[in-house]
Amino acid sequence: TLPRVYVTRSVPPDGLEILRNSGQVQFEMWDSDDPVPREELLKRVKGIDGLLCVLTEKIDAELLDAAGPNLRVVSTMSVGYDHLSLSELKKRGIRVGYTPDVLTDAVAELTVALLLCTSRRLTEATHEAKTGGWGTWRTLWLCGYELANSTVGIMGLGRIGLAIAERLKPFKVKKFIYTDVAPRPELANQIQAEYVSMDEMAKQSDFLVVCCALTPETQGICNKELFSKMKKTSIFINTSRGGVVNQEDLYDALATGQIAAAGLDVTVPEPLPTSHPLFSLKNCVILPHIASASFTTRNAMSSLATNNLLAGLRGNAMEKELKL
Ligand code: GLV
Ligand code: GLV
């Protein structure tokens with residue numbers, strides 16, 4: 001009999017076609033735009049050989065125990081892997097596929113869009129135009145901050161950080177600086193970026209862009225201490241994971257004018273409740289985790305995740321496998 005696979009969400013057409021036509025697996029799919037309820041998921045995974053999931057599913061010991069010993073491949077349709085308990089997967093010898101590279105362009109584009117939207121106050125501006133605030137042309141009304149001659153700090157210079165910097169460069173950025181667990185000269189040289197301490201990053205950045213992975217080391221590192229060292233005119237952007245930011249500290253920094261504005265594509269929790277204090281701030285732009293949301297990219301992610309899954313089940317090398 002064919003390996004059994006559970007798919008936790010409606011898969012975009014390209015990936016679904018590969019799955020249907022492979023003839024290699026029998027699969028069951030939670031064919032919905034909304035997450036499968038946890039109880040249902042724990043039932044459905046019983047005895048499966050492979051799991052295709054998205055970032056809303058916690059893949060932890062409880063789930064792996066519910067699946068049982070046949071499970072040998074978990075493939076996530078995401079570049080982020082903070083929803084996966086890597087130690088539990090490793091312990092059980094389960095291989096893990098993910099989807100880097102194919103989403104880099106889309107995420108970099110969205111990050112630039114969010115940055116400009118935040119620095120030039122676009123959501124505020126369209127709101128004013130639509131609701132009668134546009135009394136006349138005013139000299140300092142809705143003024144923001146420009147990229148020209150600025151220093152841009154990249155927290156986490158990986159594929160995505162580099163792609164963001166490459167796109168910002170034509171805006172006449174003066175200087176790129178970056179932090180990471182270690183210097184990345186092969187990437188940094190492409191944008192003449194200087195490796196600095198967190199302290200220097202906070203002090204120098206006119207735009208601080210977070211694009212690192214969420215790990216125990218990066219959990220909550222954007223906190224009061226960091227914000228207090230930033231300039232009053234600086235802009236904070238996060239398209240990585242909400243967990244990297246201490247949101248209470250960010251709220252305080254924005255509300256007291258310690259920093260100028262923030263643009264967030266990611267929050268804790270997701271969705272962020274509409275009553276959350278961050279939504280009450282004019283200088284905070286919040287997007288519903290859409291950085292990779294282009295048709296091309298979501299289809300590419302679905303194909304890659306499906307191919308990773310099938311390769312793993314065959315015992316072959318995956319196109320993109322996470323080293324555990
Ligand atoms: C999106 O956040 C992803 O991890 O792919
Ligand atoms: C702006 O529209 C200008 O003419 O300066």
Side-chain angles (χ1 to χ4, degrees), residues 7-16 33-36 51-60 73-86 89 96-115 154-164 167 180 209-222 236-245 247 262-272 285-309 318-324:
V7 182
T8 68
R9 194 72 69 89
S10 296
V11 174
D14 288 9
L16 189 57
D33 241 0
D34 293 322
V36 52
L51 181 70
L52 184 53
C53 69
V54 296
L55 54 82
T56 49
E57 273 71 67
K58 286 265 160 290
I59 309 302
D60 54 11
V73 181
V74 169
S75 175
T76 183
M77 194 183 124
S78 64
V79 68
Y81 45 82
D82 50 287
H83 56 301
L84 312 175
S85 298
L86 301 185
L89 287 154
V96 177
Y98 70 138
T99 64
D101 298 317
V102 293
L103 46 57
T104 300
D105 288 334
V107 173
E109 274 183 23
L110 187 283
T111 304
V112 173
L114 176 59
L115 185 151
I154 306 275
M155 189 178 292
L157 185 63
R159 300 162 289 242
I160 292 173
L162 179 65
I164 293 167
R167 283 160 177 77
D180 209 313
V209 184
V210 181
C211 38
C212 59
L214 174 59
T215 64
E217 290 72 39
T218 62
Q219 175 81 40
I221 52 167
C222 298
F236 179 81
I237 302 295
N238 184 13
T239 51
S240 64
R241 285 292 182 269
V244 173
V245 178
Q247 285 179 176
L264 312 173
D265 185 48
V266 286
T267 58
V268 176
E270 293 182 4
L272 193 66
V285 177
I286 298 174
L287 302 178
H289 203 149
I290 55 165
S292 69
S294 77
F295 292 108
T296 302
T297 288
R298 288 287 167 84
N299 268 304
M301 289 166 72
S302 74
S303 298
L304 178 52
T306 306
N307 284 329
N308 284 340
L309 175 80
M318 295 183 200
E319 202 177 316
K320 300 291 174 187
E321 182 163 352
L322 202 57
K323 281 196 202 81
L324 297 184

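We count ligands from 1, going down the list as the structure has it; atoms in each ligand are counted the same way.
A distance of 9.0 Å separates OG of Ser75 from CG of Asn307, quoted to the nearest 0.5 Å.
Contact of the Val266 side chain with the Thr239 side chain is not registered, since no non-hydrogen atoms from C-beta on lie closer than 4.5 Å. Side-chain contact check for Cys211 versus Ile154: some heavy-atom pair is nearer than 4.5 Å.
Listed by chain and residue number, the protein contacts of ligand 1 are Leu55, Ser78, Val79, Gly80, Leu103, Arg241, His289, Met301 (heavy atom within 4.0 angstrom).
Ser85 pairs by the side chain to side chain contact (heavy atoms under 4.5 Å, CB included) definition with Asp60, Glu88, not counting sequence neighbours.
Ionic pairing of Asp105 and Arg167 is present here: one or more N-O contacts between side-chain nitrogen and carboxylate oxygen are shorter than 4.0 angstrom.
Other residues, nucleotides and ligands place no more than 12 heavy atoms under 6.0 Å from the OH atom of Tyr81.
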